[in-house]
Amino acid sequence: MDSFVIYNSASGKISGVCTLAHVGDIEAAIAANTPAGLSALAVDPTHAVLTSQAGWKVSDGALVAIVPSDAELLAAAQAAQLVILSSRYEAAKTENATYMGTSFMGDADSQQVFANAANVYGKLGATPADFFAVDASYNMVPMTLDQLDGLTSVFAAQYWTAFQRWVAVRQALATATTVAAVQAVVW
């Protein structure tokens with residue numbers, strides 16, 4: 001089995017790997033399978049680059065591991081931590097809220113329904129006599145306009161608290177200067 005990597009001669013960046021069974025003449029295989037403008041390098045068929053070309057490049061005719069700079073490591077850590085923090089922020093904004101002795105669904109759609117109802121009935125001055133909201137257990141909870149406004153206020157306060165924390169963790173993440181400091185920024 002013969003193997004080789006295809007790479008950009010100027011940057012050393014590997015753009016592909018090729019393993020050919022029973023070729024025999026690796027030079028002919030390289031010539032036949034290397035796109036114009038790129039170069040190729042024969043490699044040991046057990047080399048790690050054949051399973052993951054990320055983290056490798058060709059330098060001075062040899063495969064070398066790419067060692068990221070401290071700035072690249074910091075940026076990668078910040079990006080990874082941001083993904084984690086983003087999911088926590090989304091969860092915090094949409095937690096169920098306890099109000100009037102029960103729990104109401106806090107997903108974005110439910111919050112929008114409550115806000116729209118409060119807006120419309122606020123303009124009318126009251127909810128209909130038979131108005132109800134549905135709690136997280138799908139029970140019908142009768143509500144007046146003041147109670148509906150109270151429910152939307154609970155969600156608004158929850159959202160505002162989550163947003164304030166989001167701003168704080170984003171600031172901490174942006175000002176972190178080491179990977180350890182980035183990893184210490186938690187929700």
Side-chain angles (χ1 to χ4, degrees), residues 8 11 13-17 48-57 65-187:
N8 179 304
S11 68
K13 181 178 179 183
I14 296 172
S15 59
V17 295
V49 73
L50 297 176
T51 56
S52 175
Q53 65 196 36
W56 295 94
K57 69 178 181 177
I66 298 171
V67 179
S69 69
D70 288 345
E72 290 169 325
L73 290 172
L74 180 61
Q78 287 171 320
Q81 197 68 0
L82 183 60
V83 169
I84 294 166
L85 294 170
S86 293
S87 68
R88 303 274 162 72
Y89 173 52
E90 290 303 317
K93 291 189 309 186
T94 58
E95 287 180 355
N96 288 355
T98 301
Y99 181 69
M100 294 177 53
T102 190
S103 180
F104 290 91
M105 289 181 274
D107 61 277
D109 288 340
S110 295
Q111 289 187 41
Q112 188 64 48
V113 167
F114 297 137
N116 287 345
N119 182 40
V120 169
Y121 293 125
K123 290 177 182 176
L124 296 174
T127 55
D130 59 349
F131 179 81
F132 61 88
V134 178
D135 71 8
S137 297
Y138 297 97
N139 296 311
M140 293 180 275
V141 180
M143 281 194 184
T144 65
L145 179 58
D146 287 340
Q147 290 168 325
L148 181 58
D149 285 339
L151 177 59
T152 59
S153 293
V154 168
F155 281 118
Q158 176 177 293
Y159 197 98
W160 178 240
T161 300
F163 178 73
Q164 288 174 315
R165 189 163 185 186
W166 176 240
V167 169
V169 297
R170 291 293 304 264
Q171 288 172 334
L173 197 59
T175 59
T177 58
T178 65
V179 171
V182 166
Q183 292 169 339
V185 178
V186 295
W187 189 260

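The structure displayed is predicted, hence computed values, not measured ones.
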Would you compute the distance between atom CE of Met143 and atom CG of Leu151 and round it to the nearest 0.5 angstrom? 4.5 Å
Quick test of your reading: applying salt bridge (charged side-chain N to carboxylate O under 4.0 Å, His left out), list the pairs with at least one residue in residues 76-92, sequence neighbours left out, ordered by first then second residue. Glu90-Lys93
Taking the side chain as every heavy atom from C-beta outward, state whether Phe104 and Val154 have any atom pair closer than 4.5 Å. no
Drop me the distance from Leu73's CG to Gln78's CD, to the nearest 0.5 angstrom. 11.0 Å
Among residues at least two apart in sequence or on other chains, which ones pass side-chain contact (heavy atoms from CB on, under 4.5 Å) with Leu145? Tyr121, Thr127, Asp149
Minimum heavy-atom distance Val169-Val186, with the two atoms named: CG1-O, 3.7 Å
Sequence neighbours left out, what passes side-chain contact (heavy atoms from CB on, under 4.5 Å) with Ser86? Give chain and number order. Leu82, Trp166
Please collect all side-chain hydrogen bond (donor to acceptor under 3.5 Å, both in side chains) contacts where either partner lies in residues 95-108, sequence neighbours excluded, each pair once. Thr102-Asp135, Asp107-Ser110
Heavy-atom pair of closest approach, residues Phe155 and Ala97: CE2-CB, 3.5 Å
Taking only residues two or more places apart in sequence, or in another chain, which ones meet Met140 in a side-chain contact (heavy atoms from CB on, under 4.5 Å)? Phe132
Determine, stepwise, if the pair Val185 / Leu85 fulfils side-chain contact (heavy atoms from CB on, under 4.5 Å). CA-CA 9 Å; Val185 178; Leu85 294 170; 3.9 Å; yes
Atom of Met100, atom of Val141 and distance for their closest heavy-atom approach: CE-CG1, 3.9 Å
Measuring from Tyr89:OH to Thr94:OG1, what's the distance to the nearest 0.5 Å? 10.5 Å
Can you tell me if Tyr159 has over 12 outside heavy atoms packed within less than 6.0 Å of its OH? no
Holding to side-chain contact (heavy atoms from CB on, under 4.5 Å), I want the full list of residues that pass it with Thr177, two or more places apart in sequence or in another chain. none
Evaluate Phe114 against Met105 for side-chain contact (heavy atoms from CB on, under 4.5 Å), listing each step before the verdict. CA-CA 10 Å; Phe114 297 137; Met105 289 181 274; 5.8 Å; no
Shortest non-hydrogen contact between Gln147 and Pro142, atoms and distance: OE1-O, 3.8 Å
